[in-house]
There are 2 protein chains.
Amino acid sequence: MENRLDLVFAALGDPTRRAILTMLLEDDMAVTDVADPFAMSLAAISKHLTILTRAGLISQEKRGRVKWCKLEPDALREASVWMQGFGQFEPVNLDDFERFLEAELRE
Amino acid sequence: MENRLDLVFAALGDPTRRAILTMLLEDDMAVTDVADPFAMSLAAISKHLTILTRAGLISQEKRGRVKWCKLEPDALREASVWMQGFGQFEPVNLDDFERFLEAELRE
DNA sequence: GGCTTATTCAACCGTTTGGTTGACGATAAC
DNA sequence: GTTATCGTCAACCAAACGGTTGAATAAGCC
């Protein structure tokens with residue numbers, strides 16, 4: 001009974017996972033490198049990554065012994081469209097977005 | 001440590017709550033009427049409504065003995081902006097885009 | 001082969017979530 | 001004044017969440 005929107009929104013509900021997505025906006029990353037800035041175990045990050053994967057928000061590909069994490073922004077489209085049904089929100093303003101990210105990362 | 005985005009996305013992660021928001025898109029509703037189509041207790045719906053309220057997604061006002069629930073779509077804006085940082089999903093509003101360009105060129 | 005690095009697995013733990021039921025305080029209706 | 005309706009509260013429950021540790025698997029390095 002769990003649909004994709006449940007998984008996507010629930011995944012986005014955690015600040016660690018949103019931070020991970022933001023990091024992946026820069027570039028693909030190995031699991032260890034994703035974990036680096038966080039004050040929690042590698043295993044915890046690994047779990048967050050599987051949650052993001054199940055939601056379709058990232059994909060993981062193993063090359064050699066390192067597993068690369070890649071952002072899959074298309075997974076956000078369905079959620080975005082759903083939200084858009086409640087009104088159209090300001091045209092994309094990347095400056096605002098930058099400020100949000102900075103505010104979030106400061107925590 | 002919990003910020004607004006956490007609350008909004010977490011609130012949207014439940015299908016019952018998304019259905020409630022959709023219902024409220026039509027019109028304001030009393031708690032009992034919100035609960036009506038769902039196969040769960042009134043108390044359960046009441047809890048969902050307080051979660052939506054804390055996320056700012058709805059507001060509740062008591063008139064007489066009935067409590068009216070009202071959609072507050074503005075609460076979605078911040079989340080929408082965050083998501084749009086990952087790509088442009090919405091059909092571009094060309095008028096707004098024009099204005100944006102003009103504003104930029106004036107600087 | 002043997003060490004090191006990368007990642008997950010398994011078990012555990014405390015907290016939160018999403019639901020139930022029954023009692024309760026208001027307000028409205030008769 | 002009694003009764004019915006609206007909604008929340010409190011206690012409880014099972015399951016999921018977010019984290020921890022330690023062992024296990026897999027791949028690269030010397």
Side-chain angles (χ1 to χ4, degrees), chain A residues 1-24 27-71 104 107, chain B residues 1-24 27-71:
Chain A
M1 208 74 5
E2 274 226 324
N3 70 26
R4 170 108 343 185
L5 274 191
D6 291 345
L7 296 176
V8 169
F9 280 128
L12 296 180
D14 183 279
T16 301
R17 288 191 292 261
R18 286 200 310 279
I20 291 174
L21 293 178
T22 305
M23 291 164 57
L24 291 176
D27 206 353
D28 298 358
M29 294 178 79
V31 173
T32 306
D33 294 335
V34 169
D36 203 49
F38 296 98
M40 76 181 66
S41 71
L42 188 60
I45 295 294
S46 181
K47 284 188 186 179
H48 281 303
L49 290 172
T50 64
I51 289 174
L52 289 170
T53 300
R54 275 206 266 269
L57 290 165
I58 68 170
S59 59
Q60 291 181 286
E61 184 201 355
K62 193 166 179 180
R63 279 203 300 275
R65 66 179 164 175
V66 353
K67 206 168 183 179
W68 292 90
C69 304
K70 181 177 182 309
L71 189 63
E104 273 230 319
E107 289 169 18
Chain B
M1 205 81 2
E2 275 226 322
N3 71 25
R4 169 104 349 181
L5 276 191
D6 291 345
L7 296 176
V8 169
F9 281 128
L12 296 179
D14 184 277
T16 301
R17 288 192 290 263
R18 285 201 310 279
I20 291 174
L21 293 178
T22 304
M23 291 164 57
L24 291 177
D27 205 354
D28 299 358
M29 294 179 78
V31 173
T32 307
D33 295 334
V34 169
D36 203 49
F38 297 98
M40 75 181 66
S41 70
L42 187 59
I45 295 294
S46 181
K47 284 189 187 179
H48 282 302
L49 291 173
T50 65
I51 288 174
L52 289 170
T53 300
R54 275 206 266 269
L57 289 164
I58 67 170
S59 59
Q60 292 181 285
E61 184 201 352
K62 193 167 180 180
R63 279 203 300 273
R65 68 179 162 176
V66 355
K67 205 167 183 179
W68 293 90
C69 303
K70 182 178 184 306
L71 189 64

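In what follows, chains are A, B, ... by sequence order, proteins preceding strands, each numbered from 1.
- Between the CG atom of A:Leu42 and the C1' atom of D:dG19 there is a distance of 13 Å, given to the nearest Å.
- For the pair A:Asp14 CG and D:dA16 P, the computed distance is 18 Å after rounding to whole Å.
- Residues forming a side chain to side chain contact (heavy atoms under 4.5 Å, CB included) with A:Lys62 (at least two apart in sequence, or on another chain): A:Lys67.
- Taken to the nearest 0.5 Å, the OG1 atom of B:Thr53 stands 11.5 Å off from the CG atom of B:Leu7.
- The list of salt bridge (Lys or Arg N to Asp or Glu O under 4.0 Å) pairs with a residue in residues 52-61 of chain A, not counting sequence neighbours, reads A:Glu61-A:Arg63.
- In this entry the distance linking CD of B:Glu61 with C1' of D:dC6 reads 16 Å, nearest Å.
- Shown here for A:Ala55 and A:Val8, the closest heavy-atom pair between the two residues is O-CG2, 3.6 Å.
- Which of C:dG19, D:dG19, D:dG7 sits closest to the side chain of A:Ala44 comes down to D:dG19.
- In this entry the distance linking CZ of B:Arg17 with C1' of C:dG18 reads 8 Å, nearest Å.
- Here the side chains of B:Arg18 and A:Asn3 are in contact, with some heavy-atom distance below 4.5 Å.
- A:Arg18 places its CZ atom 15 Å from the C1' atom of D:dG18, with the value rounded to the nearest Å.
- Nearest-nucleotide mapping onto DNA chain D: of B:Gln60 and A:Met40, the residue sitting toward the 5' end is B:Gln60.
- Atom CE of B:Met23 sits about 12.0 Å away from atom CG of B:Leu71, to the nearest 0.5 Å.
- Two residues are said to be in side-chain contact when any heavy atoms from C-beta on lie closer than 4.5 Å; B:Leu42 and B:Val31 meet this criterion.
- In this structure, SG in B:Cys69 is found 8.5 Å from CE in B:Met29, a value given to the nearest 0.5 Å.
- Looking at residues 28-36 of chain B, you'll see that no heavy atom sits under 4.0 Å from any atom of DNA chain C.
- Taking 4.5 Å as the limit, some side-chain heavy atom of B:Leu24 sits within range of a side-chain heavy atom of B:Ile20.
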_Protein-to-nucleotide contact annotation, 5' to 3' order, nucleotides 22-30 of chain D [B base; S sugar-phosphate only; - none; under 4.0 Å, heavy atom]_ = -----BS--
List the atom pairs, donor and acceptor, that lie under 3.5 Å between side-chain atoms in residues 43-52 of chain A and the rest of the protein, sequence neighbours left out.
from, atom 1, to, atom 2, distance (Å)
A:His48, ND1, A:Arg17, NH1, 3.1
A:Thr50, OG1, A:Lys47, O, 2.8

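- By the 4.5 Å heavy-atom criterion applied to side chains, B:Leu21 and B:Leu12 are counted as neighbours.
- Atom P of nucleotide C:dG19 and atom CD1 of B:Ile20 are separated by 9 Å, given to the nearest angstrom.
- Contacts between residues 45-54 of chain A and DNA chain D, counted as heavy-atom distances below 4.0 Å, involve A:Lys47, A:His48, A:Ile51.
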